[in-house]
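A short worksheet on the structure shown next.
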Number of protein chains: 2
Amino acid sequence: MTDVKDSVLVVEDEPQLRRFIRAALDANGYRVLEASRASEVVALITSHNPALVLLDLGLPDGDGIDLTRALREWTTVPIVVLSARGREEDKVAALDAGADDYLTKPFGMNELLARMRVALRHRPSADEPTVERAYTFGDLVIDIVRREVRLGEDELHLTPIEYKLLLLLARNAGRVLTHQQILKDVWGPAYATRTHYVRVHMAELRKKIERDPARPKLIVTEPGVGYRLRDAR
Amino acid sequence: MTDVKDSVLVVEDEPQLRRFIRAALDANGYRVLEASRASEVVALITSHNPALVLLDLGLPDGDGIDLTRALREWTTVPIVVLSARGREEDKVAALDAGADDYLTKPFGMNELLARMRVALRHRPSADEPTVERAYTFGDLVIDIVRREVRLGEDELHLTPIEYKLLLLLARNAGRVLTHQQILKDVWGPAYATRTHYVRVHMAELRKKIERDPARPKLIVTEPGVGYRLRDAR
DNA sequence: AGCGATCTTGATGGGATCTTGATGCGCGAG
DNA sequence: CTCGCGCATCAAGATCCCATCAAGATCGCT
């Protein structure tokens with residue numbers, strides 16, 4: 001239960017309540033960002049990209065509902081509103097402005113945490129970094145989602161190290177990677193001197209992905225420097 | 001405000017409240033389905049595919065929280081819980097079981113409508129509420145709604161862990177799942193180190209679903225990484 | 001309380017993978 | 001021409017990872 005979870009931006013001007021919330025979130029493994037004014041919120045979201053925003057409506061320098069509406073112009077980050085106002089119109093206004101939930105003070109911390117979990121699980125698919133799903137080099141295809149490598153029709157079986165190596169090369173296709181960089185990325189910073197590892201495993205990798213391993217077309221050696229994956233384009 | 005919106009399944013045993021809700025939803029352009037017992041819910045969702053479920057927790061024939069958890073096995077349709085119980089533990093339990101919102105009776109109809117709008121706009125894609133009722137891999141069929149697994153003609157009996165394992169693999173068919181991911185999903189985040197559990201139970205599962213458990217065709221091991229359910233691409 | 005089913009945990013052996021050292025080749029510098 | 005350096009290849013041993021078995025603990029039901 002000690003793993004680091006997502007970061008949460010707490011926007012609350014009352015210092016006591018802010019401390020209280022921070023303590024509870026800390027205890028539950030969230031990283032906490034704090035803001036006490038509406039004017040700070042945009043900058044903090046863009047710079048830290050929190051997974052969720054807890055927004056007090058009663059801020060001194062601006063209306064929280066307007067802020068919510070403004071945020072919704074450009075971000076889908078979940079917004080859970082905390083408010084002393086419990087009137088139904090206030091709730092409807094905040095929710096329709098784009099808030100994902102609305103809690104009336106005083107609220108129980110367990111309920112807040114549960115509602116935060118709801119808001120967080122709502123968006124795992126929403127805007128995942130959606131990076132590259134697959135790389136293609138000639139008839140070599142690296143499907144990252146499936147962790148699968150194919151050469152033309154047949155599927156290749158790569159060992160963990162070989163796969164890591166290939167992925168590193170693919171992500172930096174065209175660029176030369178030094179032995180140091182490769183060692184650091186695949187084996188970890190402590191192995192920076194074991195140049196030999198790279199050679200042995202690069203040879204294994206070539207045996208599998210090169211048509212003619214003796215005359216590599218894909219993985220080219222840059223003597224004295226490192227290796228490079230040729231991107232044919 | 002007269003266009004036909006999505007349909008909403010109202011699960012509520014009190015006739016008066018049901019009529020009241022129906023009237024409000026009608027007036028707001030929703031199509032309304034009604035149920036008064038937990039046992040009808042699964043059939044109505046599968047047959048009518050509503051866009052949202054309003055679920056009263058105090059049903060005569062079954063616990064609404066268990067029902068929520070069961071539904072979450074196979075559908076992501078938004079569930080908004082209505083309950084006379086306002087204790088914090090009740091809310092937390094329902095939300096963690098998979099409900100998307102929780103309103104304590106008596107509630108204002110405008111708030112309910114606003115929270116329904118929130119739940120509806122959360123839906124991943126406007127159309128299908130992502131219902132996957134059964135998975136098929138070769139002659140292995142996993143019927144999620146009935147929680148039943150068949151291999152060709154004969155039904156298999158899977159233990160809870162085996163079933164969870166298989167479902168996890170099926171939902172991620174083709175993708176490699178790391179031991180970590182499996183442990184987190186099946187046993188919970190605290191068990192991330194118990195790699196051995198996965199091996200033992202994966203072996204049991206293979207004994208049951210593989211024609212030749214020694215030469216697995218369906219569940220393939222990715223050494224050093226995890227397991228993968230092969231999907232016939 | 002008792003029973004059967006299921007889960008946890010340890011032990012073991014085999015196989016895949018990695019590490020490590022030895023060897024040979026090619027190329028450029030001296 | 002020869003030496004030295006970096007690279008490729010090979011192979012053996014060490015290590016890691018996986019499958020399997022089995023015993024004890026626990027769970028769930030009657």
Side-chain angles (χ1 to χ4, degrees), chain A residues 147 149 155-169 176-183 185-188 190-229, chain B residues 66 147 149 155-169 176-188 190-229:
Chain A
R147 193 198 177 277
V149 181
E155 185 175 335
L156 302 182
H157 172 69
L158 299 191
T159 71
I161 284 189
E162 287 157 14
Y163 185 76
K164 270 195 185 178
L165 258 183
L166 179 58
L167 208 56
L168 177 63
L169 288 167
V176 181
L177 291 163
T178 66
H179 300 116
Q180 307 273 330
Q181 290 175 306
I182 296 171
L183 285 161
D185 192 281
V186 177
W187 279 268
Y191 290 73
T193 58
R194 313 294 188 73
T195 317
H196 196 57
Y197 291 13
V198 180
R199 299 215 176 92
V200 173
H201 289 280
M202 204 62 85
E204 292 300 319
L205 186 54
R206 275 172 169 161
K207 268 189 216 162
K208 293 182 181 175
I209 72 170
E210 296 279 1
R211 296 290 184 197
D212 179 2
R215 249 170 299 283
K217 289 270 185 290
L218 285 162
I219 301 178
V220 301
T221 305
E222 298 286 346
V225 190
Y227 296 88
R228 179 166 62 91
L229 188 67
Chain B
D66 287 341
R147 194 201 175 280
V149 180
E155 183 176 339
L156 303 180
H157 171 70
L158 299 191
T159 71
I161 284 189
E162 287 158 13
Y163 184 75
K164 269 195 181 180
L165 258 183
L166 180 59
L167 207 56
L168 177 63
L169 288 168
V176 178
L177 292 165
T178 66
H179 300 116
Q180 308 268 332
Q181 291 175 304
I182 296 171
L183 285 162
K184 252 165 74 174
D185 192 280
V186 176
W187 279 269
Y191 290 74
T193 58
R194 312 296 188 75
T195 317
H196 198 59
Y197 291 14
V198 180
R199 300 216 176 93
V200 173
H201 289 280
M202 204 62 85
E204 292 300 320
L205 186 54
R206 275 173 169 159
K207 268 189 216 161
K208 294 183 182 175
I209 72 169
E210 295 278 2
R211 296 290 185 197
D212 178 2
R215 253 172 297 285
K217 288 271 185 289
L218 286 162
I219 301 178
V220 302
T221 307
E222 298 285 345
V225 188
Y227 296 87
R228 179 162 66 94
L229 189 66

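Each chain gets a letter, A, B and so on, in the order the sequences are listed, and its residues count up from 1. Reckoned from all heavy atoms, side chains included, excluding hydrogens, waters and symmetry mates.
With sequence neighbours excluded, the residues satisfying salt bridge (Lys or Arg N to Asp or Glu O under 4.0 Å) with A/R211 are A/D139. With sequence neighbours left out, the salt bridge (Lys or Arg N to Asp or Glu O under 4.0 Å) criterion links B/R228 to A/E148, A/E155, B/E222. Here A/K164 pairs with A/V186 under the side chain to side chain contact (heavy atoms under 4.5 Å, CB included) rule; sequence neighbours left out. Checked against salt bridge (Lys or Arg N to Asp or Glu O under 4.0 Å), B/E204 has the following partners two or more places apart in sequence or in another chain: B/K207. Partners of A/K217 under the salt bridge (Lys or Arg N to Asp or Glu O under 4.0 Å) rule, at least two apart in sequence or in another chain, do not exist in this structure. In this structure A/D185 satisfies the side chain to side chain contact (heavy atoms under 4.5 Å, CB included) test together with A/L168, sequence neighbours excluded.
Read 5' to 3', the first and last nucleotides of DNA chain D with an atom closer than 4.0 Å to a heavy atom of chain B are D/dC17 to D/dT20.
For residues 198-218 of chain B, the pairs satisfying ring pair (Phe, Tyr, Trp, His ring centres under 6.0 Å) are B/W187-B/H201, with sequence neighbours left out.
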For nucleotides 12-19 of chain C, 5' to 3', base contacts (B), sugar-phosphate-only contacts (S) and non-contacts (-) with protein non-hydrogen atoms under 4.0 Å give -----SSB
